[in-house]
Chemist: 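First, the structure itself, so that you have it in front of you.
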Amino acid sequence: MNVKTVNSTPLANQRSDVPAAETQVRILYYLKLTRALEDRIERKLYRQGKVLGGVYVGRGQEAIAIGSCIDLRPDDVVCPSHRDMGAYLLKGMDLRTILAQYMGKKTGPTKGKDGNLHMGSLDHNLIAFISMLGDSIPVAAGIGLSFKMRGQDRVVICPFGDGATSRGDWHEGVNMASVFKCPVVYLCNNNQYAYSTPLERQMAVENVADRAAAYGMPGEIVDGNDVLAVWDAARRAIARARAGEGPTLIECKTFRMTGHSAHDDASYVPPELFQFWEERDPIRRLERSLLKRGLITTDEIEEMQQRINSEIDEAVQQAEQDPYPDPSDCVRGVYDGQ
Amino acid sequence: MNVKTVNSTPLANQRSDVPAAETQVRILYYLKLTRALEDRIERKLYRQGKVLGGVYVGRGQEAIAIGSCIDLRPDDVVCPSHRDMGAYLLKGMDLRTILAQYMGKKTGPTKGKDGNLHMGSLDHNLIAFISMLGDSIPVAAGIGLSFKMRGQDRVVICPFGDGATSRGDWHEGVNMASVFKCPVVYLCNNNQYAYSTPLERQMAVENVADRAAAYGMPGEIVDGNDVLAVWDAARRAIARARAGEGPTLIECKTFRMTGHSAHDDASYVPPELFQFWEERDPIRRLERSLLKRGLITTDEIEEMQQRINSEIDEAVQQAEQDPYPDPSDCVRGVYDGQ
Amino acid sequence: MALTTYVEAIRQGIWEEMERDENVFVLGEDVGIYGGAFKVTDGMLEKFGESRVVDTPISESGIVGAAIGAALMGMRPVAEMQFADFISCGFDQITNFAAKCRYRWGAPVPMVIRGPSGGGIHGGPFHSQNPEMYFVHTPGLKVVCPATAYDAKGLIKSAIRDNDPVLFFEHKFLYRRIKEALPPEDFTVPIGKAITRRKGRDISVITYGAMVYIALDAAKELEKEGIELEVVDLRSLLPYDREAVLETAKKTSKVILLHEDTRIGGFAGELAALISEEAFDYLDGPIRRITAPDTPVPYSPPLEEFFLPKVSDVTRVARELHAY
Amino acid sequence: MALTTYVEAIRQGIWEEMERDENVFVLGEDVGIYGGAFKVTDGMLEKFGESRVVDTPISESGIVGAAIGAALMGMRPVAEMQFADFISCGFDQITNFAAKCRYRWGAPVPMVIRGPSGGGIHGGPFHSQNPEMYFVHTPGLKVVCPATAYDAKGLIKSAIRDNDPVLFFEHKFLYRRIKEALPPEDFTVPIGKAITRRKGRDISVITYGAMVYIALDAAKELEKEGIELEVVDLRSLLPYDREAVLETAKKTSKVILLHEDTRIGGFAGELAALISEEAFDYLDGPIRRITAPDTPVPYSPPLEEFFLPKVSDVTRVARELHAY
Ligand SMILES: Cc1ncc(C[n+]2csc(CCOP(=O)(O)OP(=O)(O)O)c2C)c(N)n1
Ligand SMILES: Cc1ncc(C[n+]2csc(CCOP(=O)(O)OP(=O)(O)O)c2C)c(N)n1
Ligand SMILES: [Mg+2]
Ligand SMILES: [Mg+2]
C-alpha cells in the first residue's frame, strides 16, 4: 500500500525508524491479547448473554491503537473510540476491570453505569468515549490546550473512524487544534465503512488524509495493518506534538473484519474485500516478520498465546464472580458529593 | 490580487469572460443602490431610532452578491447571509418591503416577526437567513438535492463569511453537497475578520479556498472587490452546477469597511487596512472602468445616483407610513392554518 | 388475519406515503442497502431507488439541514436518526431553522424526523434516551410518541402529510414486542388527539409511549382490589390533547402522571400545571408523578431496572391516592 | 459608595476568580481584544494574557468540547456564548459529554458556560432566547439565572468553584439597567438557594431573572389595594430550592408562577407539579402560570411587547386569585 504525505508541511524527523526488538515482541503480545479478549467478548460472552447491549470489536484493526500507543508516557492521554481496545490495555487497564465493564459489574470503571468500550479513567489518562461520533475531537483539542497553558510536554492521541470525519464536531475540533497548535495526534481508523456506508458515500475525496490540507495540518497515510508503519508515523507525529508544532492527522488504511457490531453479518461487504484484508492480517504479518528476523520462535508464539488465554480465562472468572451494582446506585454520582 | 484555482479539478469552461455592456451598467446600478440603501439604514434610520436591534451592512463587499447573482434565473435560489443585501434586490424584493422589514412593519416579508436581513420569500426564491452562522450550508445542499431529485436544472447560490467556515454545519453541509453532487455555489465573503477575530485566529490556512480540497470540490479565489471577476467565477461555477458536476467553493477576498455592526467602531482594525481597501472600493473601480471603456458618462452616473436617492427617499416615506403589526399577531403563524 | 409489529407498521406507513406522494423521500445513515439499523426502511432502496432513499454521511445536523432545504422546495423528507439520542447533534437546525421558518417568513417546512427512543434494551446512556421534552418546549415543532402499531402507522402518515416539522419518537422496546391486526385500507391518526386505553372511575393515569403498557398492567392488578384506573395515552405531546387531560382529571379527581423520561422538566410538569390551573376544583388529592429519576439511563441490568418506572410503582402510588 | 452594574458584577466575579485560581480561564468568540460582545471580559486579555483569555473560531460545539477537555485535566474554563441563543450549537457536547462524565466514570467536569439570554432589546428570534429549560431537563448540569448584581457576582464565583458543569444565563436586559453597591470583600451566593425579594401574606409569585422586577413592580401596585404579594426569586433552576417553593406556597396558599420563557415545558410546569404534589392540601386556589406565549421571540416592538409578561398580567391574575 502506498504511503504518501499529503500536506506540504513535512513531519518532524521524516527519517523512518523501527521499535526496539523487545518492543516489537511486546507489540505482538498486545496485538494477540486484544484479539483474544475481543473474540472472547464477542464470540463467547455476548452469545452466552453475559454481555448485553451492543458489542463492537476492532478485529483486523488492532495494529492502529497498539502501534500508536505502545510508547506513550503514563501522563499522555488517549481518547479512544469504539474499536481501540488496545489503547485501554496499553494504558494499564486490567483485563478483569475491562470484562467487568462489559458485564455491567460494579467493579468496572463505570460501575455498571455505562457499557462496552464507553469507559474511561483519569488515573490511566483514558477519556471515556461517548457514542456521539466526533465529540471527542474538540475534547482532545481542549486537553492539548491545557497542556500548552501549563507548559507540559504531554500529548493526546485521539483515534476515530472514517465516518466520524463527517461530523461537524470533527471539523470544529481539528480546526481549533490547528489554530491553537495543540499537541494532538488525530488518528483515523479508515476501515472504509461507516456501518454499511462505504467511503465514497461519506466523502468526495479518496483519502481522509486529504482533509488535513483544510487545517494546515500534515496528513499522512499509512498501512494500518502494518503495526511498525503505524508506530513510526505515530512516533513522528508525537515528536512533532511534543515539540509544540501542533496536531497531525494520520490516516491508517485498514478494514473492519467483522460486521459493524455483533448483530451485523456485513452481508453488504463484498466477500473479496474480506479475503483481500484477511491476507493482510496485522498479527500474522508481525509474526512472520519477527520469525523471519529471528526475534521470536514459533514455540515462544505458542507459549505467548497460552499465557494470553489463561490470563483471559482467569479475568473472566473473576469478573463473572464480581458483584452487580446495587440498584440504588442508579441515583448516585450525578453530581459531586452524591 | 492573485487568483488561483486551488483544487486540481478544473472549473467548467475555464475561459474567462465579461458580461454584456448593458449588464455591466446594471451591475453598477445595483452596486450603488445597495450602498445607498445600506447607508440610509445604518447611518440615518438606525441613528434616528427608526430601525432597532442589530444592523449589519456589506459596505465594500457589494460586488460579491451582485456579481454572483446578476445573471441568475428567477427559479434559481439564493440563501443570503447578513451582508448580502444585493441578493435581495436582484431577486426582486422591492425597497419599500426591505425597509419595512428593518422598521418592523407589517408590510415587511416577516411582518415584523424578525428584523434586518433575517428575511426571505419563497416567491422570490430567497431563503431567510438565521443568525446561527453556517446553518444555511446544509440547507442549501438540501435545496440542491431536491433539484436533482426532480431533474430540475436550477442552482443555489449560498454566500457566507470566512468565520462561518469554522462551524460544524459548514463542514457537514459542504461535505454532503459534494458527496451528492448538489448544484450549489458556495460563495465566501472573506472580509478577513469575524467580528473582531482576524483570519489567522480562525483557521490555520491562508485561504478559505484551501478547504475545498477536503471535499473534492474546486476552490477558486477571486478579488471580491472586482465585480467582473466575481461575475466570471460565479458564471463558471453556475455552469458547472447546472451541468450536474456538483458544488464549487469561490472565495472572494474583500474587506468589511465598517464595524461588525452599527455599534462597533472597529478600533481593533489597523487603519492602514481600511485605507488599502478604500482604494479598492468595488463601486469606484467599476465606474472608472466603465468610463474608460466609454460604457457610461459621468453625467449618466450622476443621474443614476439621483434616481437611486429618490427611489430610496420614496421607499423610506412609504415604509415609514406602513403600519406596525397588530400586537396579537405575535401568536399567529406558528403552525399551518393559524 | 396477519399481525403487524410496531416497527413494521412504521415501515408500511412510510412506504404507502412514498407510493402516494412522489415528494416523500427518506434520508439518513444506513437507510439504503442496510434498510436502517432497525430495518424501518428495509426494502425501500430496491422499491423506490437511490434518489428517494438517501444514505447520508454521519452528519445529523447536515441531515436535518438538508431535509429543511428540500422541504422548503416542497419535498416531504423523512429523516432518520439512527438512535433518537443522536438528535442532540441536529438540535440547532431543528429548533432554530426548522421550527421558526413558518413563524418568521411564512415558509412551510413539511418534514418528519424519526428515530428509536427509550430504554429497556440495555443500551446505556447514549442508546436509550427520551429526548421529547427538548422539542416539546420548542414552538413551531410537533412531537408524537405512538404506543401501538395502529397509532404508529396512522401517526407516521399524519406526520408525513403535516405541513409543519414533526418529530416522531418511536419506542424501540416496542418495535418487535407488540403486534396487532391493522386495517388493510389507508388510515391516519390525528396529531394532537389522546385516546383512552381503559376506562375507570377511580384514578386517571395519563401517560404515553411504552409506559402505556405499564399503566395497563397496573390497572389489571388493581382491578382485583376494586381500584379502577383510567388510562389515557396522549399519543402526541405537542400539540397535546388538553381537553382529554382535563376531562379525565375532572372525572376521576385523582391523577397520576407517568412517563419514562426523567422527572425535572419532564412532560408531567406540563400536565400538572394544566390540571392544577384548570381543574383545581375537581381534584380530591395531590397530583402524583411517576417518572424515571434524574440521571442518565444506566447500562447495567439492575440499574436500568431501577431507573425505569415499573408496574409496582403505579400500583403503590395508586393505592396511596385511593386511600387519600 | 460606587454602584456596580449587573454586567460589571459578572466581570468582577470572573476577574477575581482568575486572580484567585490560575486554573480558571475564559474562552469564546471575541472575548480577547474586543472584551466580549457585551464587554464581560473587557480588559482580561491585557491583565491575564492570551493563554488565559482565548479567542476562538466560531465553533460553539468546539468551544464547549475544548472546555470539557481542559476541565477533565483540572482546569476551570469559563466559556462564553456570544448570545445564549447560540448555545443550541453546543447542545450535544453539553448534554451528552459534559453532563454525563461524572455519572458514567466519575470524572469531574468543572466548567462554566455563560452568556446573555432574554428579550426586551428588540433582538428578534435569535438574540432573545431563554434556553434554560433545555438544560434544566438534563441531569448532571446545573443552571443559574441571577437577577441582581450581587447574585450575578456571587453566583458566577460559585459556578466557577463548582465541581460540576454550570450553565450561567445572564439577562442582557439587566446588564446596564440595574446597579447596586457590592461588598468589597470576597463573597459567594450558593447555587440552589432561592431568596425572598418581598414578604407578603396573600399570594406567592415565584419567578427568576428579569421577571423578578415585573413581580416587584406588580407588588408595589397591588399593595395600594391591600393585596400583599410575596416574591420569591429562585436564582437557580437546577438544582432548585424545593423547600423555599413549598414554604411560600404553604404560607400564602395561592401561587403565581412567572417566567419570561415560553409556556409549554417551561419551568412553571416543574413548580406546579412540585406544589400540587407536596403542598396540595395548603392550596386555596388554582396555580396560575404567567409566561411568554408559545412562539419564537418576535422582533417588532408591538409584537415583543405583547410577547413579554408584563406588570399588568401579574396584577390581573393576582386580583383574580385574590378574589378566588
Ligand atoms: C453522531 C452519531 N451518529 C450516528 C451514530 C451511530 N453509529 C455508531 S458507529 C457508526 C459508524 C461509524 O463509522 P466509523 O466512524 O467509520 O467507525 P467504524 O465503526 O467504521 O470504526 C454509526 C453511524 C453515532 N454513534 N453517533
Ligand atoms: C453560531 C453563531 N455563533 C456566533 C454568532 C455571532 N456572530 C454574528 S456575526 C459573527 C462574525 C461572523 O464572521 P463572518 O462569518 O466572517 O461574517 P462577517 O460578519 O465577517 O461578514 C459572529 C461571531 C452567530 N451569529 N452564530
Ligand atoms: Mg469506518
Ligand atoms: Mg468575515
Side-chain angles (χ1 to χ4, degrees), chain A residues 77 79 101 108-111 113-115 118-122 125-132 134-152 154 156 158 167-180 182 184 330-338, chain D residues 22-23 25 27 49-52 54-77 79 89-111 138-142 162-166 191-192 238-239:
Chain A
V77 173
C79 306
Q101 163 77 6
T110 69
K111 302 187 165 70
K113 300 272 181 71
D114 206 341
H118 291 94
M119 60 183 171
S121 157
L122 287 175
N125 284 303
L126 281 166
I127 305 303
F129 176 64
I130 77 169
S131 290
M132 290 67 189
D135 278 32
S136 57
I137 308 300
V139 171
I143 292 170
L145 186 64
S146 76
F147 296 161
K148 279 193 67 174
M149 288 174 169
R150 289 168 161 172
Q152 301 171 326
R154 302 161 67 183
V156 188
C158 184
R167 276 295 319 289
D169 283 46
W170 188 87
H171 174 71
E172 293 192 7
V174 169
N175 186 57
M176 285 175 78
S178 315
V179 170
F180 299 147
C182 299
V184 184
C330 172
V331 292
R332 299 209 180 88
V334 179
Y335 295 99
D336 188 22
Q338 268 189 321
Chain D
E22 65 180 12
N23 291 314
F25 72 100
L27 73 165
E50 278 195 358
S51 93
R52 295 182 67 192
V54 182
D55 266 328
T56 66
I58 301 169
S59 304
E60 282 70 15
S61 198
I63 291 166
V64 174
I68 292 167
L72 283 169
M73 295 296 107
M75 303 291 289
R76 291 184 174 267
C89 303
F91 177 81
D92 169 57
Q93 287 278 359
I94 297 169
T95 58
N96 283 315
F97 214 126
K100 296 176 174 53
C101 277
R102 181 184 294 278
Y103 185 73
R104 295 169 55 233
W105 55 296
V109 182
M111 62 188 276
T138 306
L141 301 177
K142 296 185 177 182
D162 200 277
N163 292 327
D164 288 304
V166 180
I191 294 175
L238 187 67

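The chains referred to below are lettered A, B, ... by the order of the sequence lines, with proteins before strands, and numbering in each begins at 1.
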Chemist: For chain A, which of Cys89(D), Gly140(D), Pro77(D), Ser51(D) has the most heavy-atom pairs under 4.5 Å?
Modeler: Gly140(D)
Chemist: When heavy-atom pairs shorter than 4.5 Å are enumerated against chain D, which of Ser136(A), Ala141(A), Gly173(A), Gly120(A) gives the highest number?
Modeler: Gly120(A)
Chemist: Could you tell me whether the side chain of Tyr103(D) and the main chain of Val331(A) form a donor-acceptor pair under 3.5 Å?
Modeler: no
Chemist: Could you check whether atom NZ of Lys142(D) has more than 12 heavy atoms from other residues, nucleotides or ligands sitting under 6.0 Å from it?
Modeler: yes
Chemist: Specify which of Glu22(D), Lys100(D), Gln93(D) makes the most heavy-atom pairs with chain A at under 4.5 Å.
Modeler: Gln93(D)
Chemist: Specify which of Met149(A), Gln338(A), Arg332(A), His118(A) makes the most heavy-atom pairs with chain D at under 4.5 Å.
Modeler: Met149(A)
Chemist: Of the listed residues (Asp336(A), Ile143(A), Val179(A)), which shares the most heavy-atom pairs with chain D below a 4.5 Å separation?
Modeler: Asp336(A)
Chemist: Shortest non-hydrogen contact from Thr110(A) to Trp105(D)?
Modeler: CG2-CB, 4.2 Å
Chemist: So which of Cys182(A), Cys79(A), Cys330(A) has the biggest tally of heavy-atom pairs under 4.5 Å with chain D?
Modeler: Cys330(A)
Chemist: To check you understand the geometry: which heavy-atom pair defines the closest contact between Met75(D) and Ser146(A), and what is its length?
Modeler: CG-CB, 3.7 Å
Chemist: Of all heavy-atom pairs between Pro57(D) and Phe180(A), which one has the smallest distance, and what is that distance?
Modeler: CD-CZ, 4.2 Å
Chemist: Provide the closest heavy-atom pair for Phe129(A) versus Arg104(D) in the form atom of the first, atom of the second, distance.
Modeler: O-NH2, 2.6 Å
Chemist: By a 4.5 Å heavy-atom criterion (distance strictly below it), what part of Ser131(A) contacts chain D: side chain, backbone, both, or neither?
Modeler: neither
Chemist: Taking atom OH of Tyr335(A) and atom CG of Asp162(D), what is their separation to the nearest 0.5 Å?
Modeler: 9.5 Å
Chemist: Working to the nearest 0.5 angstrom, can you tell me the gap between Leu145(A) CG and Thr56(D) OG1?
Modeler: 10.5 Å
Chemist: Starting at CG of Asn23(D), measure out to CZ of Arg150(A) and round the result to the nearest 0.5 Å.
Modeler: 4.5 Å
Chemist: Checking Ile137(A) against chain D: side chain, backbone, both or neither under 4.5 Å from a heavy atom?
Modeler: neither
Chemist: What are the two closest heavy atoms between Met176(A) and Ala66(D), and how far apart are they?
Modeler: CE-CB, 4.0 Å
Chemist: Checking heavy atoms, do the side chain of His171(A), its backbone, both or neither come under 4.5 Å from chain D?
Modeler: neither
Chemist: So which atom in Val334(A) and which in Arg102(D) form the shortest heavy-atom distance, rounded to 0.1 Å?
Modeler: O-CD, 3.7 Å
Chemist: Against chain D, work out which of Asn125(A), Asn175(A), Ile127(A) has the most heavy-atom pairs shorter than 4.5 Å and name it.
Modeler: Ile127(A)
Chemist: Checking heavy atoms, do the side chain of Val156(A), its backbone, both or neither come under 4.5 Å from chain D?
Modeler: neither
Chemist: Of the backbone (N, CA, C, O) and the side chain (C-beta and beyond), which part of Val64(D) lies under 4.5 Å from a heavy atom of chain A, both, or neither?
Modeler: neither
Chemist: Output the option from Asp92(D), Ile68(D), Leu72(D) having the highest count of non-hydrogen pairs under 4.5 Å with chain A.
Modeler: Asp92(D)
Chemist: Against chain A, label Ala67(D) side chain, backbone, both or neither, depending on which of its atoms sit under 4.5 Å from a heavy atom there.
Modeler: neither
Chemist: Nearest 0.5 Å, what's the CE-CD distance between Met73(D) and Gln152(A)?
Modeler: 9.5 Å
Chemist: Between Asn96(D) and chain A, which part of the residue has a heavy atom less than 4.5 Å away: side chain, backbone, both or neither?
Modeler: both
